[in-house]
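One structure is given below, encoded as structure tokens.
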Amino acid sequence: MKPFFQKFYPSVRAVSSYDIDYEGLYQAGIRGLIYDIDNTLVPHGAPADEKAVALFARLHEIGFQTCLISNNQLPRVVPFAQAVDSMFVEDAHKPSVKNYQKAMQLIGTDTDSTYFIGDQLFTDIYGANRTGIPSILVSPIHPKEEIQIVLKRYLERIVLFFYERDQKKSQKNRKNP
């Protein structure tokens, strides 16, 4: 029986969106990357910076199709998407499945050839999991967040405790068949 919290578990954890082995993902057959924006690529509310622009240029050079999926509205999402030359879905109502599917449709991929990258378990990762997209949970870029997100972060710590525990058990079982 699956633990209750497992529906919030990421496929992988990474320190940052900028530290992921994208070449390895491409070699493994991944062709589409879907990203959250705030605290995943830049601090909350910040415009696309040189680091984000360079990352997306590198991703496109590797061969990835990209899409941003955000619960924010057009005035926030459009300038960011234009700066990084990416498709986007705004007002996504994450963790709703519908707009994760729309993002894959926009970039021409499916659940077998797409990864999602985000910083929040209960919106980003849960939505990707509900859609069947493998996910990478990154650490939030900036600690200053809206109060409702701060409250969710406390709950995320509980889920991450069980995630880490289950990962250790899984690794131990692989070593001792």
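Start at 1 with the first residue, then count along the sequence. All heavy atoms count here, side chains included; hydrogens, waters and symmetry mates do not.
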* Heavy-atom distance under 4.5 Å between the side chains of Ser17 and Leu41, does that happen here? -> yes
* Any side-chain heavy-atom pair of Ile30 and Pro134 under 4.5 Å -> no
* To do: Going by the side chain to side chain contact (heavy atoms under 4.5 Å, CB included) test, name the single residue among Ile125, Val12, Asp119, Leu33 that passes it with Ile136.
  => Val12
* **Those residues that, when tested against Ser139, pass side-chain contact (heavy atoms from CB on, under 4.5 Å) (two or more places apart)** => none
* Asked: What pairs meet the salt bridge (Lys or Arg N to Asp or Glu O under 4.0 Å) rule with one or both residues in residues 92-108, with sequence neighbours excluded?
  -> Asp36-Lys94, Lys94-Asp124
* Asked: So if you build clusters from Ile, Leu, Val, Met, Phe, Trp, Tyr with side-chain heavy-atom gaps below 4.5 Å, do Val97 and Leu121 land together?
  -> no
* Decide yes or no on side chain to side chain contact (heavy atoms under 4.5 Å, CB included) for Asn129 and Lys7, but give the supporting numbers first. => CA-CA 7 Å; Asn129 288 346; Lys7 60 186 161 191; 5.6 Å; no
* Asked: Are Tyr9 and Asp166 linked by a side-chain donor-acceptor pair shorter than 3.5 Å?
  -> yes
* To do: Among residues two or more places apart or on two chains, list those pairs meeting salt bridge (Lys or Arg N to Asp or Glu O under 4.0 Å) that have a residue in residues 70-90.
  => Asp38-Arg76
* Look at the rings of Phe8 and Tyr126 and say which category their plane angle falls in: under 30° parallel, 30 to 60° tilted, over 60° perpendicular. => tilted
* In chain order, what residues pass the ring pair (Phe, Tyr, Trp, His ring centres under 6.0 Å) check against Phe162, with sequence neighbours excluded? -> Phe5
* May I have all residue pairs that pass ring-ring contact (aromatic ring centres under 6.0 Å, His included) and include part of residues 90-121, sequence neighbours excluded? => Tyr100-Phe116
* Asked: Quick one: does Leu68's side chain get under 4.5 Å of Val84's, heavy atoms only?
  -> yes
Considering only distance and modelled atom types, tabulate donor-acceptor pairs under 3.5 Å from the side chains of residues 49-67, sequence neighbours left out.
{"from": "Asp49", "atom 1": "OD1", "to": "Lys51", "atom 2": "N", "distance (Å)": "3.3"}
{"from": "Asp49", "atom 1": "OD1", "to": "Ala52", "atom 2": "N", "distance (Å)": "2.8"}
{"from": "Arg58", "atom 1": "NE", "to": "Glu23", "atom 2": "OE2", "distance (Å)": "3.4"}
{"from": "Arg58", "atom 1": "NH2", "to": "Glu23", "atom 2": "OE1", "distance (Å)": "2.9"}
{"from": "Arg58", "atom 1": "NH2", "to": "Glu23", "atom 2": "OE2", "distance (Å)": "3.2"}
{"from": "His60", "atom 1": "ND1", "to": "Phe56", "atom 2": "O", "distance (Å)": "3.0"}
{"from": "His60", "atom 1": "NE2", "to": "Thr66", "atom 2": "OG1", "distance (Å)": "2.8"}
{"from": "Thr66", "atom 1": "OG1", "to": "Ser86", "atom 2": "OG", "distance (Å)": "2.9"}

* Ser113: side-chain hydrogen bond (donor to acceptor under 3.5 Å, both in side chains) partners, not counting sequence neighbours -> Asp110
* Between Ser135 and Pro10, which heavy-atom pair has the shortest distance, and what is it? -> OG-CA, 3.3 Å
* Minimum heavy-atom distance between Ala48 and Ala83, given as atom pair plus value -> CB-CB, 3.6 Å
* Asked: Between Ile34 and Ile107, is a side chain to side chain contact (heavy atoms under 4.5 Å, CB included) present by the stated rule, with each step listed?
  -> CA-CA 9 Å; Ile34 303 172; Ile107 60 177; 4.2 Å; yes
* To do: Name all pairs fulfilling the salt bridge (Lys or Arg N to Asp or Glu O under 4.0 Å) condition that reach into residues 12-22, sequence neighbours left out, sorted by first residue then second.
  => Arg13-Glu164
* Asked: What residues, two or more places apart in sequence or in another chain, satisfy side-chain contact (heavy atoms from CB on, under 4.5 Å) together with Pro43?
  -> Ala46, Ile141, His142
* To do: Would you sort out whether Ile37 and Phe88 count as a side chain to side chain contact (heavy atoms under 4.5 Å, CB included), showing the intermediate values?
  => CA-CA 10 Å; Ile37 299 172; Phe88 67 89; over 6 Å; no
* For Arg130, what residues pass the salt bridge (charged side-chain N to carboxylate O under 4.0 Å, His left out) criterion, not counting sequence neighbours? -> none
* Is a donor on one side and an acceptor on the other found under 3.5 Å between the side chain of Ser70 and the backbone of Asn72? -> yes
* Distance, nearest 0.5 Å, that separates CG of Asn99 from CG of Leu106 -> 9.5 Å
* Where do Pro95 and Thr123 come nearest, in terms of heavy atoms and distance? -> CB-O, 3.5 Å
* Asked: Can you name the salt bridge (charged side-chain N to carboxylate O under 4.0 Å, His left out) partners of Arg31, sequence neighbours left out?
  -> none
* Return the set of residues passing side-chain hydrogen bond (donor to acceptor under 3.5 Å, both in side chains) with Tyr22 (not counting sequence neighbours), or none when no residue passes. => Tyr35
